[in-house]
Engineer: 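Below you will find the structure I want to go over with you.
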Amino acid sequence: MEAPLVWSASIILPVLVGLAGLGRKKPGYWIAYASAVTLLIPFGVILASWSSGSVASPIVDTVKIDLSRYKIGMFQLLMDGLSLPVVLGISIVTGIVAYYSYKYMSVRIEEMEAHGENPPGLGTYYFLYNLFAVTMLGMALSTNLIEFYLFLEISLIASFLLIAYYGYGDRRKISLLYFIWTHVAGALFIAGVLYYGVKGGSFDVLSYSTLQGITYVAPAVSVIGTAAKIAAAAIILGLLIKMAVFGVHMWLPYAHAEAPTPVSALLSPNLIGIAGYALARFAIPLFPGIMKELSSYFIGLAIVTIVYGGLVALRQDDFKRFLAYSSVSQMGYLLLGIATLTAFGIGGAMLHYLSHAIGKAVLFIVAGVFITELHGLRSISRMGGLARKYPLIAAAALLGFLHLVGMPPALGLWSELLVTLGVVKAIPPVSADNVILVATALLLAYGVSAGYAFITMKRVFYGKPREDIPESVPDGFKQSVVLLAVLGVVFFLVVSLIIVPLQGSAETLARIVLGG
Amino acid sequence: MIETSGLILEANSSLMPWSLIWGIPYLGAAILALLYYLGYKNEKVFAWGSVLSIGIAAAIAVDALYQVLAKGPIYAASSKPWIAWLNVGIGVYLDGLGAFMAVIVSVLSFLIAVYSVEYMKGDWGVQRYFFFFTFFVASMLLLVTADNLVLMFVGWEGTGLASYALIGHWYTDEEDKWVGVPGRKALGIPMYFTPSHSGVRAILFTRVGDIGMIIGMAALYLLAGTFSIPALAAQASAGGWMVELASKGALTALLLVFTLGALAKSAQFPFQEWLVTAMTGPTPVSALIHAATMVKAGVYFMLRMAPVFLLGAAVSSLVAGQLASYFTIIAILGGITAFMLATMALVSNELKLILAYSTASQLGYMFIGVAAAGAAISLLAPGEAASLGVVAGLSHLMSHAIFKAALFLIAGWLIHVAHSRFIDHMGNYAKYMKVTAVSLWLAGLSLMAIPPLSGFFTKELTLKSAEEAHLYSVLALGVITAGLTAAYTLRMILRVLHLPPREETHAHPHEAPPLMLVPYALLALTALVLGLVWPWFSHDVAKAVSDTLGIGVSAEEVLTILQLHFTGVTYTTLGWIGLNLAIVYLLYMVWKVDFVKIIRENVTARRIHDFLYDRWYINSIIYIVIVGGFAGLSIILGGIDHIIDLAYHAAIPVLFALGAAGLRALHRGRSDYYLMLYIYFASTLMLFLYLAWR
C-alpha cells in the first residue's frame, strides 16, 4: 500500500519541532507535547492501518529518492511485518519518553547549572532528542544499505552529543568512548556495504511494488561471488558490535548508564535492537548461506550473551548500569531468535524488540524517577522498600520486568514462546541428547533472566522502607511510565495485530535461507 | 484399539457463558486495579467486589458441572484465533475433569474470599491483596478450563505471578511475618525467610519448571501442529507425535522436560523448598493457593495429560515402554516427596509449616495416584490405567483441597489468637472454641485417612494405583507415610487443642467471628459428609472421568475400579496408622514425654531432630551448590568483565599512547636526525620503487 508522505512526515515533523526549540533556554511545555505527538505519528499510522483491516500489507511512502544512476539504488521508506514491531517500539517509546523528558531534563539542567556547568538549554535537548528518535525510525524504514547508514550516522552523532552535553559521571570521556566504539562498528558496517555495493552495482536490499509486494535482491554470493564472504564478515561483525553481544559489549554499560536517563531509555532498547533488526532485514537475505553456516555458533553466542549479561548485571550496584547489562543479556534473545533462521525465531526476535523496548524503557523511566525525586539515587543497595512510597512505580516496574522475563500479562510471553519454537525447530527433539541440550541451554538462559529480574525487584522495592523518603505524588511525569507499561499489557492481548504481518515477513526470510 | 468416543474435537457450545468462569474474575481484578489507580481505596468495595466476582464464577462453574454430568462435555471455542500465527484460540473445554476442577477452585475461592474479608480487615495492603486474589482465581480457572496448552500456560503463569505477589504481600518484612526461627542456620545457611525473600524463591523455583513446560509445548506444537489438547489427544490415539518421538528414543526425556512445570508447581522433590517458605503469605492465601488450588495445578496437568499420553501407548508398544519409564520416574518422585515432607512435619513447631509439609506430602500421593496408574500400562489396558489414575488423582485432590483448606483457615485463626506462629505458644484451645475444635478434628481425621472421612477413601485409591503397577517401593513409601501423617496430625491437634501451652502467653482465646468461622466449619463438615456419601458420590466422579478426553472407558468400568475392595494393603495401612496414633497418644497424653529436654540432652536425638527440622539440609544444599554456584559464577564473570574492560579501555589506549610517544621521540628538533631520517626513508622508498619498477 502506498501512502503519501506518512513516513517522510513522521521523520521531518519532529525535527521541525526540534528546530523550533533549538537554542531556547527553556521552551514551554508545548515542546514536550509537540514532540510526543509528532513522534507518535507512526503509531497513529499503524493504528489506522489496523482499523482499516489491512494489517498484512506493507506501507510505503510515496517519496522516493532514485539514485540508481549513481549505482546507489533507491531510497524508500517502507514498513512491513518485519519492521512493524520495530517501528511500533520506536514510536511509542520515543513519544512517551519525549513527554517524560521535560521534567527530567529540566531538573537535570538545573542541577548541572547549580554545579557551575553551562549545558545547552532544553530546546537544544529536544532538537537532538527528536533528531535521534527520527533517525532510528529512518533506519527501521530503510530499504537500502546506504540509506540505513546515513540514518545510523546521524543517530550516532545526535546520541553522542546528548551524552556529551547532559550525561553523568565522566561524560566527556564516556561520550567519546561511545562515539569511537559505535564508529568502529559503523566503519566495519559501511566497509562491508561498500565492498558489496560497489562490486554489485546497487545498495538496494528490498523493493516494493504494488503488484509483487516486497521482493528481496538475490543473495550476494550470486552477485559478487565469493567476495560476499568478506562483505558479510564486515557487515555482520559491525552489527554484532552495535548490538553489544558478549565480547564486544564493553562500551554499552558506560554509555547507557551515564547517558541522561531519557536518552538511556532510547539507547538501550531501541538503538541497539536495531542492529538485531538489521541482521534480519539485511544480513539474512544478502548472506543466507553464510548465516546458515554461522547459525549454531550464533546460537551458542546468544546463550552465552544472555547468561553473561544477566549474571554480570547481578553484580552491579548502580541501577542504570544494571539495566545496561540487562540490555546486553536481552540482545542475546534477539540474536538467539535470528540465529535459528526459522520463521518463528526471526519473528520472535522482532517481537522481542518491541517487548524489550517497552520493558526496558519502563525500567529506565523508573530509574529516572528515583534520580529526579530522590536526589540522584541510583545505588541499588541504598534502595529497598520503595514500593511502600511508590506503589504505582513498583507496579510498572514489575510489568517491565515481566516483559524481560517473558511472563504474562506482558507481551514478552509471546516473543519468548516464538523464540523457543524457533530454537526447538532448529535443534529438533530427534534424540534424547537434543532434548537435554535444548532444555539445559534454555533453562540456563531464561532462568538467569528470571533470576536477575526478581532479585532486583526485591532489592529495589521490597524490604524495610527508608525513613527519609517522602510520599510520592502521582504526577504526569510518573503516569507516563504507567501508560507505557499498560500498553505492553494491551499488546499482549492484541498481539495478533502484530504477528499476522510479522509471520508473512518472517516466513519469507526463512524461505530465502532454505532456498539459499 | 482404544475408543476415543468421548473426545470432542468440534465446539458444541458458544463461548458465552462458559468463558465468563474466568472472564468475570479477570474483569473484577481489572476494575479493582482501575479503581486503585484512580485513587479510590474503600476497603469494603475491594473486598466484596472480589467476593462478588468470584461468587458469580462459582455459580457458572456449578452450572457447568451440572450440565456436563447431565449432557456430556462442553467445548466452546472462539471462531477467530487469539494468537493467529500459532492458531491459538480462546477455548473452554469442560469435560468432567475440567468441570470438577472449576467447581473445586471457584467454590473454595469463594469461601476463602469471604474469610479474607474479615481476616484482612484493616491491613495496609488490602486493596492489593484483593486485586491479586481475584487475579489468581481468574488465572486458576483459566488454567483448568483451557482447551489448549497456550491458554493453559497463560493461566498457569498468572497463578504464579499472583502467588509471588501474595507470598510477598507483607513485603516490608517485619519479623512476625517471617517463616522459620530467626537466627537459625543449617550448614551455615540461614533457615529463616522474609516475605520478600520467599516470594522470589517461589517465583524462581516455579519459573525454572515452567521453562521446561514451554519447551515441551513448543516441541509438541512443532510435531503435532497444534496446541489444542483434544487435537493432541486425537493425534496421540493415531500414533502421531508420540510414535515419532518414541521412535527416536526421545519420548521419555521430552515428557520429563514437559512435566518439569508440573513438578515445580506442585512442589515435588526436588522443587519442594519454595512451598515451605511460601507460608509468609497471609493465611487465607496459604489455604487457597498453597494448599487447595494452585499447587494442585501440577496434579491437574498430570490428570489432563496422562490420558493423552496413554492414548499413544495403546497404539505402539514402543511408546508404552518409554511411557512406563516416564510414569515410573514421576511416581517415584511422588513417593519420595510424600515420605520426605511427612518426616519434616513430625518435628516442626510452626503451625503453618506443619501444614505446608503436609501439603507437599499429600501432593506426592496425588502424583503417585496418577503416575503409578500410568506406569501400570503393561499390566492394565490403557483405558483402565488412565481412568484409575485420573480417578485416584482427582479424588484425592478434591478431598485434600477441602480438608487442607479447612486446616489452614483454622490455623489462620489460631495464629491470630496466639499472636504467634509457633505451636508451643498455643494450647488448651478446645476449652475456648468448641466449633473450631470440632472442625479441626474433622479435617485432621480426614488428613489422617481415618474411615469414614473422605481422606480415607481417596488415599486408598492412590495406594491402589501403586499396587496395581507393582511399584512396591512407591507403595511402601506411601504406606509408611500414611502412618507418619497420622502421627504428625495427631501431635499437632493434641498440642493446640488439648495440651496446655508450653510457653506462657498473654493470649485470650475465643471463638472466631462468623465470617471466618463459617467457611472453615463448612469445609470440615464437607470432609465428613463427602466421606459418608462417598460410595454414591464416587459414581459422579466416575461418570465425569469416563469421558475425560475420550479415554474410552464406560462409567461402569470405572465404577468397578472405584469399588471398595479392601486388600491386605488397606488393612496394613489402617493398622499402621492406628499404631502411630496410639504411640503419639501415649507419648503426649499418657507419658507426657518432654521432647525438648531429650533433644537438648541427647546428641543422637538432636542430630535426628536437626536433620528433619532443617529439612534434610536440602535448602542449605540448594543454596550452597546452586545459588552459591551462580553467585560465584557471577563474581567470576564480573571479574572477567573487568578484564575485558581493561583490555579495551586501558590496554589499547596505552598501546596507542606508547606508539605516539615512540613517534614523538623521533622528533628531537635536531637537523642531523631529520636529515638522517630523510635519507633513510627516501632511500627505502626508492628501493621499493626500483623493485616495483623492475
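Throughout, protein chains are lettered first and strands after them, A, B, ... in sequence-line order, and every chain is numbered starting at 1.
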Engineer: Tell me, side chain or backbone of B:H649 under 4.5 Å from chain A's heavy atoms, or both, or neither?
Structural biologist: side chain

Engineer: Under a 3.5 Å distance rule, please check whether B:W85 uses its side chain to pair with a backbone N or O of A:P501 as donor and acceptor.
Structural biologist: no

Engineer: For the residue pair A:N434 and B:K248, establish whether any side-chain heavy-atom pair is separated by less than 4.5 Å.
Structural biologist: no

Engineer: Side chains of B:I214 and A:L442: does their closest heavy-atom pair fall under 4.5 Å?
Structural biologist: no

Engineer: Hey, could you give me the OG/CZ distance between B:S196 and A:R459, rounded to the nearest 0.5 Å?
Structural biologist: 12.0 Å

Engineer: With rounding to the nearest 0.5 Å, note down the distance linking CH2 in B:W156 to CE in A:M407.
Structural biologist: 12.5 Å

Engineer: To the nearest 0.5 Å, what is the distance between OG on B:S198 and NZ on A:K458?
Structural biologist: 9.0 Å

Engineer: Check the pair B:D641, A:R315 against side-chain contact (heavy atoms from CB on, under 4.5 Å), reporting the backbone distance first and the verdict last.
Structural biologist: CA-CA 11 Å; B:D641 205 57; A:R315 301 286 309 154; over 6 Å; no

Engineer: Would you give the length of the straight line joining atom CG of A:L311 to atom CD1 of B:I640, rounded to the nearest 0.5 angstrom?
Structural biologist: 11.0 Å

Engineer: Chain B heavy atoms under 4.5 Å from A:F246: which part of the residue, side chain, backbone, both or neither?
Structural biologist: side chain

Engineer: Output, in order, the C-alpha distance, side-chain angles, deciding distance and verdict of side-chain hydrogen bond (donor to acceptor under 3.5 Å, both in side chains) for A:Y254 and B:D645.
Structural biologist: CA-CA 10 Å; A:Y254 287 103; B:D645 191 8; 2.3 Å; yes

Engineer: Please determine whether side-chain contact (heavy atoms from CB on, under 4.5 Å) holds for the pair A:Y462 and B:V200, giving the CA-CA distance in whole Å, both sets of side-chain angles, and the decisive distance to 0.1 Å.
Structural biologist: CA-CA 11 Å; A:Y462 308 148; B:V200 174; 5.6 Å; no

Engineer: Less than 4.5 Å apart, side chain to side chain, heavy atoms only: is that true for A:Y446 and B:D210?
Structural biologist: no

Engineer: Please look at B:L245 and chain A and tell me whether the side chain, the backbone, both or neither of the residue comes under 4.5 angstrom of a heavy atom of that chain.
Structural biologist: side chain

Engineer: When only pairs under 4.5 Å are counted, which of A:V423, A:L493, A:V495 shares the most heavy-atom pairs with chain B?
Structural biologist: A:L493

Engineer: Could you check which of B:L637, B:V150, B:L204, B:D173 has the highest count of heavy-atom pairs closer than 4.5 Å to chain A?
Structural biologist: B:L637

Engineer: Are there over 12 heavy-atom neighbours, none belonging to A:K425, within less than 6.0 Å of that residue's NZ?
Structural biologist: no

Engineer: Which one of A:L402, A:V435, A:L502, A:I499 has the most heavy-atom pairs closer than 4.5 Å to chain B?
Structural biologist: A:V435

Engineer: In Å, rounded to the nearest 0.5 Å, how long is the span from CD1 of B:I203 to CD1 of A:I455?
Structural biologist: 12.0 Å

Engineer: Name the region of A:L386, side chain, backbone, both or neither, that has any atom closer than 4.5 Å to a heavy atom of chain B.
Structural biologist: neither

Engineer: Top residue by heavy-atom pair count (under 4.5 Å) with chain A, among B:W124, B:Y221, B:F630?
Structural biologist: B:W124

Engineer: Under a 4.5 Å heavy-atom cut-off, does chain B meet the side chain of A:F461, its backbone, both or neither?
Structural biologist: backbone

Engineer: Where does B:L256 contact chain A at under 4.5 Å (heavy atoms): side chain, backbone, both or neither?
Structural biologist: neither

Engineer: Do side-chain atoms of B:R207 reach the backbone of A:V405 as a donor and acceptor pair under 3.5 angstrom?
Structural biologist: yes

Engineer: Quick one: sort the B:Y648 and A:W181 rings into parallel, tilted or perpendicular, breaks at 30° and 60°.
Structural biologist: perpendicular

Engineer: Locate the shortest heavy-atom distance separating A:P429 from B:L223; write the atom from each residue and the value.
Structural biologist: CG-CD1, 4.4 Å

Engineer: Side chains of B:I644 and A:H249, heavy atoms from C-beta outward: is any pair under 4.5 Å?
Structural biologist: yes

Engineer: So B:V88 and A:W414, do their side chains get closer than 4.5 Å, heavy atoms only?
Structural biologist: no

Engineer: What I'd like to find out is whether the side chain of B:Y171 reaches to under 4.5 Å of the side chain of A:R388, using heavy atoms alone.
Structural biologist: yes

Engineer: Which region of A:A453, side chain (C-beta onward) or backbone (N, CA, C, O), has a non-hydrogen atom less than 4.5 Å from a non-hydrogen atom of chain B, or is it both or neither?
Structural biologist: neither

Engineer: Can you find a heavy atom in the side chain of A:M457 that is under 4.5 Å from one in the side chain of B:Y164?
Structural biologist: yes

Engineer: Given heavy-atom pairs under 4.5 angstrom as the criterion, report whether the side chain, backbone, both or neither of A:A394 touches chain B.
Structural biologist: neither

Engineer: Looking at A:G247, A:A387, A:A450, which one has more heavy-atom pairs under 4.5 Å with chain B than the rest?
Structural biologist: A:A387

Engineer: Using non-hydrogen atoms only, which part of A:A343 is less than 4.5 Å away from chain B: side chain, backbone, both, or neither?
Structural biologist: both

Engineer: So what's closer than 4.5 Å to chain B heavy atoms on A:I180: side chain, backbone, both or neither?
Structural biologist: neither

Engineer: Side chain from CB out, backbone as N, CA, C, O: work out which of these in A:P428 comes under 4.5 Å of a heavy atom of chain B, or both, or neither.
Structural biologist: neither

Engineer: Rounded at 0.5 Å granularity, tell me how far CG in B:L254 sits from CD1 in A:I436.
Structural biologist: 10.5 Å

Engineer: Tell me, out of A:A432, A:P465, A:G451, A:A445, who's got the most heavy-atom pairs with chain B below 4.5 Å.
Structural biologist: A:A432

Engineer: Examine whether an atom of B:I215 lies under 4.5 Å from a heavy atom of chain A, and if so say whether it belongs to the side chain, the backbone or both; otherwise answer neither.
Structural biologist: both

Engineer: Which atoms form the tightest heavy-atom contact between B:G158 and A:P408, and what is the distance?
Structural biologist: N-CG, 4.4 Å

Engineer: Give the C-alpha distance, both sets of side-chain angles, the deciding distance and a yes or no for side-chain contact (heavy atoms from CB on, under 4.5 Å) between B:L86 and A:L418.
Structural biologist: CA-CA 9 Å; B:L86 308 173; A:L418 285 174; 4.1 Å; yes

Engineer: Is there a side-chain contact between A:L421 and B:M217, using heavy atoms and a 4.5 Å cut-off?
Structural biologist: no

Engineer: For A:V438, is it the side chain, the backbone, both, or neither that has a heavy atom closer than 4.5 Å to a heavy atom of chain B?
Structural biologist: both

Engineer: Pick one of side chain, backbone, both or neither for A:V248, based on which atoms fall under 4.5 Å of a heavy atom in chain B.
Structural biologist: both

Engineer: So what's closer than 4.5 Å to chain A heavy atoms on B:V154: side chain, backbone, both or neither?
Structural biologist: both

Engineer: Could you tell me whether the side chain of A:S496 and the main chain of B:A84 form a donor-acceptor pair under 3.5 Å?
Structural biologist: yes

